[in-house]
Peer 1: 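Below are the structure tokens for one structure; questions will follow.
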Amino acid sequence: MFEARLVQSAILKKVLDAVKDLLTEATFECSDSGIQVQAMDSAHVSLVSLNLRSDGFDKYRCDRNLSMGMSISCMSKILRCAGAEDTVTLRAWDNPESITFIFESPNKDKLAEYEMKLINMDQEHLGIPETSYSCVIKMPSGEFSRICRDLSQFGESITFACSKEGIKFSASGDYGSANIKLVQNTDADKEEEAVVIDMQEPLKLTFACRYLNCFVKAGPLCNQVQLSMSDDVPLVCEYKIGDIGHIKYYLAPKIDD
Amino acid sequence: KHSQAKITSFFTKA
């Protein structure tokens, strides 16, 4: 049997909000160590890697490894039925054809069960090579969302240029152009407001706004986002999920023609 | 002009 309980269903709601614009369906791999999801968007431009560790759950039991194909839109609809303060339990039997979501109100006077059919999926698991990145940037996730939103008005892509001076985000299009520069700021009053730039080599990479604007939907999960970049490899955009795990988005760059 | 690369050109099937 598989059973995973989270006192804060809000975490799972936020996780679904963070993937529902990119993925229509995904395989949830459940094992003793936790829940993992690796899935590409339909255009195979980006990849989502989600990891929720078993020790981060309030209760976790997984007697045998399970691969459960789930509709993300259906799961998202079900999670919308949970109250903000509800506890959520995911439950499935061995060789399951469905998974049950159980929502319990804080004072235990309401118990709701939603059963969702699993789907058979041909899964294509990709190996992600170990990479040492030449630029690693940590910044407030709200700031990154804002930059992506603001620059998206000017073009379909954003160029990330990292140098000793800091990081410059720029976009240009028919209306004109815009750029936003950030410098390192480790003196911020609060740790979550810091901008930390670790640059080994300067670089310039261009990424599609469409995907960046999907990634920033993970902003409510974490105050900080980490961007890891090297020339000619996918961007890694990482958000920690409390003490339970992380969500990493990989995005293939746009290449000069 | 830029063209969009695929993630599958960087990561191989495991």
Peer 1: I'd like to know whether the aromatic ring centres of A/Phe154 and A/Tyr175 sit less than 6.0 Å apart in this structure.
Peer 2: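 They do not qualify: ring centres at least 6.0 Å apart.
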
Peer 1: For chain B, find which of A/Ser157, A/Ala208, A/Ser46, A/Pro253 contributes the most heavy-atom pairs closer than 4.5 angstrom.
Peer 2: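 When all of A/Ser157, A/Ala208, A/Ser46, A/Pro253 are compared, A/Pro253 has the most.
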
Peer 1: Go through the atoms of A/Asp41 and report whether side chain, backbone, both or neither lie under 4.5 Å from a heavy atom of chain B.
Peer 2: neither

Peer 1: Using non-hydrogen atoms and a 4.5 Å limit, figure out which bit of A/Thr206 sits close to chain B: side chain, backbone, both or neither.
Peer 2: side chain

Peer 1: Determine whether the side chains of A/Asp198 and A/Gln200 contain a donor N or O and an acceptor N or O closer than 3.5 Å.
Peer 2: yes

Peer 1: Has A/Ser71 got a side-chain atom pairing as donor or acceptor with A/Cys74's backbone, closer than 3.5 angstrom?
Peer 2: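 Yes; judged by distance alone, with no hydrogens or angles, the pair exists.
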
Peer 1: State whether a side-chain donor-acceptor pair under 3.5 Å links A/Asp32 with A/Ser54.
Peer 2: no

